[in-house]
Amino acid sequence: AQSVSQHNHHVILSEAASLELGCNYSYGGTVNLFWYVQYPGQHLQLLLKYFSGDPLVKGIKGFEAEFIKSKFSFNLRKPSVQWSDTAEYFCAVNARSGGFKTIFGAGTRLFVKA
Amino acid sequence: NAGVTQTPKFQVLKTGQSMTLQCAQDMNHNSMYWYRQDPGMGLRLIYYSASEGTTDKGEVPNGYNVSRLNKREFSLRLESAAPSQTSVYFCASSEVDRPRTQYFGPGTRLLVL
């Protein structure tokens with residue numbers, strides 16, 4: 001069965017610090033990978049996705065993620081966080097041959113101190 | 001475009017009561033989904049509808065039923081609410097073609113006493 005693991009449940013950073021959130025998945029086949037973000041009081045929205053091609057994906061608001069197939073990882077990065085990045089971040093996977101089910105990680109709550 | 005809309009935004013039920021959560025999308029998507037979000041557990045799929053006229057169970061379907069009323073609307077029904085169903089419920093939609101990026105509604109906060 002597919003699963004998604006996010007290593008950190010809570011992260012606290014100061015503004016301008018660099019961010020890296022870990023995401024690993026378990027599935028042997030070809031996958032589509034996503035990071036969604038949920039800002040306080042808002043619904044989930046897509047931050048970035050990997051479907052094919054360049055494994056370094058750039059998303060909105062300066063975020064990027066790198067797909068490392070050999071490590072089954074899709075870590076999210078941002079060089080310099082802002083207070084407005086305070087949110088919960090979810091990694092998600094759907095398998096190319098797995099039908100319509102997208103599996104979400106448990107989420108990482110990021111708090112950025114001003 | 002309103003995107004994905006959900007009603008109600010909040011609801012308090014007593015154990016054993018029933019209710020229906022409504023969801024509609026105006027993006028002409030074929031596929032729709034219902035998730036529940038619980039602390040520390042991420043989003044778990046309750047039911048999905050790959051296309052109009054079809055519905056399938058997800059990871060946690062027990063205690064729920066769904067209806068794909070038409071291409072736009074996908075409702076979730078709790079026939080006899082239980083405290084374990086206290087959660088935040090999200091509806092989402094996507095195209096049927098991969099990668100199936102999902103677009104989420106604002107959520108419904110449900111408290112079952």
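We name chains A, B, ... by the order of the sequence lines, and we start the count at 1 in each one.
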Output the option from [options] having the highest count of non-hydrogen pairs under 4.5 Å with chain B.
options	result
Q6(A), H9(A), E88(A), Q38(A)	Q38(A)
K49(A), Q45(A), H43(A)	H43(A)
T102(A), V4(A), I103(A)	T102(A)

Quiz item: Relative to chain B, which segment of L44(A) carries a heavy atom at a distance below 4.5 Å: side chain, backbone, both, or neither?
Solution: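 When you check distances to chain B, atoms from both the backbone and side chain of L44(A) fall under 4.5 Å.
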Please tell me if the side chains of [X] and [Y] come closer than 4.5 Å, counting only heavy atoms from C-beta onward.
X	Y	result
W34(B)	T55(B)	no
R44(B)	D38(B)	yes
Q22(B)	T20(B)	yes

Using non-hydrogen atoms only, which part of [X] is less than 4.5 Å away from chain A: side chain, backbone, both, or neither?
X	result
E59(B)	neither
Y103(B)	neither
K9(B)	neither
L43(B)	both
S31(B)	side chain

For the backbone of [Y] and the side chain of [X], can you confirm whether one donor and one acceptor N or O come within less than 3.5 Å of each other?
X	Y	answer
S67(B)	S75(B)	no
Q25(B)	M27(B)	yes
N30(B)	E95(B)	no

Practice problem: Kindly work out whether a path of hydrophobic side-chain contacts (I/L/V/M/F/W/Y, heavy atoms less than 4.5 Å apart) joins Y47(B) to L110(B). | Solution: yes
Quiz item: Under 3.5 Å, is there a donor-acceptor pair between the K71(A) and N24(A) side chains?
Solution: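 Short answer, no.
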Self-check item: Residues of residues 77-90 of chain B with any heavy atom under 4.5 Å of a heavy atom in chain A
Solution: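 Within residues 77-90 of chain B, near chain A: F90(B).
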Exercise. Determine the minimum heavy-atom distance between K101(A) and L45(B), stating which atoms define it.
Key: CG-CD2, 3.9 Å
Quiz item: Would Y64(B) and R36(B) count as a side-chain contact (heavy atoms from CB on, under 4.5 Å) if you check the C-alpha gap in whole Å, the side-chain angles of each, and the deciding distance to 0.1 Å?
Solution: CA-CA 11 Å; Y64(B) 305 95; R36(B) 59 178 289 171; 3.0 Å; yes
Exercise. Give me the contact list for residues 104-114 of chain A versus chain B, heavy atoms only, anything under 4.5 Å, ordered by residue number.
Key: F104(A), G105(A), A106(A)
Self-check item: Pair E64(A) + R77(A): basic N to acidic O under 4.0 Å
Solution: yes
Quiz item: In terms of side-chain geometry, is the basic nitrogen of K61(A) or D85(A) positioned less than 4.0 Å from the acidic oxygen of its partner?
Solution: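 Looking at D85(A) together with K61(A), the answer is no, because their closest N to O distance does not fall below 4.0 Å.
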Quiz item: Taking atom NZ of K69(A) and atom OH of Y50(A), what is their separation to the nearest 0.5 Å?
Solution: 8.0 Å
Quiz item: Within 45 degrees of the axis of the six-membered ring of F63(A) and under 6.0 Å from its centre: does K78(A) put its NZ or CZ there?
Solution: yes
